[in-house]
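Inspection log for the structure reproduced underneath, given as structure tokens.
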Amino acid sequence: MSYLQQVDTELSRILEMEKKRQRQTINLIASENYTSKAVLEAHGSFLTDKYAEGYPRHRHYGGCENVDAIESLALERVKKLFRAEHANVQPHAGAQANMAAYFALLDYGDTVMGMQLAHGGHMTHGDKITFSGKSFHFIPYGVNRETGRIDYDAVERLALEHKPKLIVAGASAYPRIIDFERFRAIADKVRAKLMVDMAHIAGLIAVGLHPTPVPYADIVTSTTHKTLRGPRSAFILCKKELAHEIDSAVFPEMQGGPLVHAIAAKAVCFHQALQPSFYEYQKAVLDNALVLATELKRLGLNLLSGGTDNHLVLVDLTPIGVTGKDAQEALERVGIVVNRNSIPFDTRSTWVTSGIRLGTPAVTTRGFRQEEMKTIAGLVVNIITHLDDKGIEAQAREEVSHLCGRFPVPSIE
Ligand code: DSN
């Protein structure tokens with residue numbers, strides 16, 4: 001019996017159920033992954049007990065010598081990984097990293113450009129339901145209706161018209177390479193700063209399988225738990241000139257005490273990402289996404305932009321007359337976990353949506369390769385084109401169970 005079981009049987013029972021769910025389902029959520037046991041060990045450690053407001057060698061508390069060493073190590077590693085001039089590893093999550101970047105560069109009410117949510121952007125890139133849209137005057141840009149790709153000419157026209165102080169690039173549901181150099185050129189034309197939120201593609205960037213934004217952007221924000229496969233957390237990179245603005249925007253402006261256990265887990269994540277095997281993993285993520293996209297298309301589905309260059313595919317369900325919500329729920333009934341997702345120019349609400357987003361980081365960590373991706377594509381298409389067919393669902397559930405049995409989740413005993 002585990003210690004947690006002895007202390008809190010109720011919570012322990014729920015954890016066991018979640019463990020079972022993770023083991024017995026295929027996770028195609030593009031923003032999720034299975035982190036390593038080493039990351040889990042650091043994250044679940046006694047470091048959670050330590051207060052360390054401030055930065056290495058400038059803390060507001062005593063007893064910080066080891067915490068200083070941990071944070072310094074994380075900083076050194078993340079700067080090496082992304083060839084960055086300055087880093088801050090204290091933001092608790094992606095939304096906080098973005099908030100700190102805005103605080104560092106903007107005054108309330110300033111004009112900013114960001115990719116709109118339905119076109120693949122993130123809520124914190126200006127959506128009215130978040131602090132970003134409430135605090136700043138966001139001008140949304142998006143993708144071209146025909147190509148499904150970012151319309152850089154339209155971005156430039158909007159920038160010339162609105163003269164934003166900041167342009168935000170980066171996305172949560174965009175399957176193509178982002179041209180950061182072009183974004184820089186547009187920003188320069190209107191003397192705007194450029195911020196890139198690379199959360200989704202950080203792992204690919206770390207190994208050079210997606211062009212890096214670091215030389216072009218004034219500030220780069222990222223989470224650590226997506227393709228980067230670390231703990232649920234975030235960090236910021238910036239040019240040396242902005243170091244003070246970023247550090248003071250994170251603490252004390254936005255956050256209090258850093259989560260030292262999360263910083264330690266990030267240090268482990270960066271160490272693992274610096275190893276040659278991380279390239280092999282990211283290459284497999286891309287290969288798997290390409291096979292998934294090719295197979296889904298071959299089986300008749302419509303993919304936004306016609307395919308993928310990265311770790312995710314976005315399926316437009318409009319031609320088959322299915323909503324994102326119904327597709328997500330049907331897939332979940334057979335053990336395939338995805339998220340419904342708005343598509344560009346969606347006519348349905350963000351609760352229902354006309355699309356689903358599928359990603360390969362988690363299944364690749366689990367060991368799935370091209371054959372398994374083909375099987376998964378077949379299952380996905382069969383389920384969403386036969387909603388509520390109990391026979392097909394039963395058969396799919398069996399195949400999912402068989403696949404999950406062959407590929408255990410590496411970090412779960
Ligand atoms: N919510 C995340 C995603 O699923 O893409 C982004 O923060």
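Counting convention: from 1, in listed order, for ligands and their atoms alike.
Counting the atoms of ligand 1 from 1 in the order shown, those under 4.0 Å from a heavy atom of His200 are 3 (C), 5 (O). Contact atoms of ligand 1 toward Ser172: 5 (O), 6 (C) (distance under 4.0 Å to a heavy atom of the residue). Interface of Ser31 with ligand 1, defined as ligand atoms under 4.0 Å from a residue heavy atom, comprises 3 (C), 4 (O), 5 (O). Each of the atoms 3 (C), 4 (O), 5 (O) of ligand 1 lies under 4.0 Å from some heavy atom of Arg357.
Distance alone, capped at 3.5 Å, is enough to place a donor-acceptor pair between the Thr227 side chain and the His200 backbone. Put simply, the side chain of Thr365 gets close to the backbone of Pro361: a donor and an acceptor are under 3.5 Å apart.
Asp68 and Tyr55 share no side-chain donor-acceptor pair at under 3.5 Å.
Because its NZ or CZ atom is not both nearer than 6.0 Å to the ring centre of Tyr34 and within 45° of the ring axis, Arg229 does not count as a cation-pi partner of that residue.
In terms of protein heavy atoms, atom 7 (O) of ligand 1 is closest to His122 NE2, 2.9 Å.
Between the CZ atom in Arg13 and the CG atom in Asp8 there is a gap of 10.5 Å [rounded to 0.5 Å].
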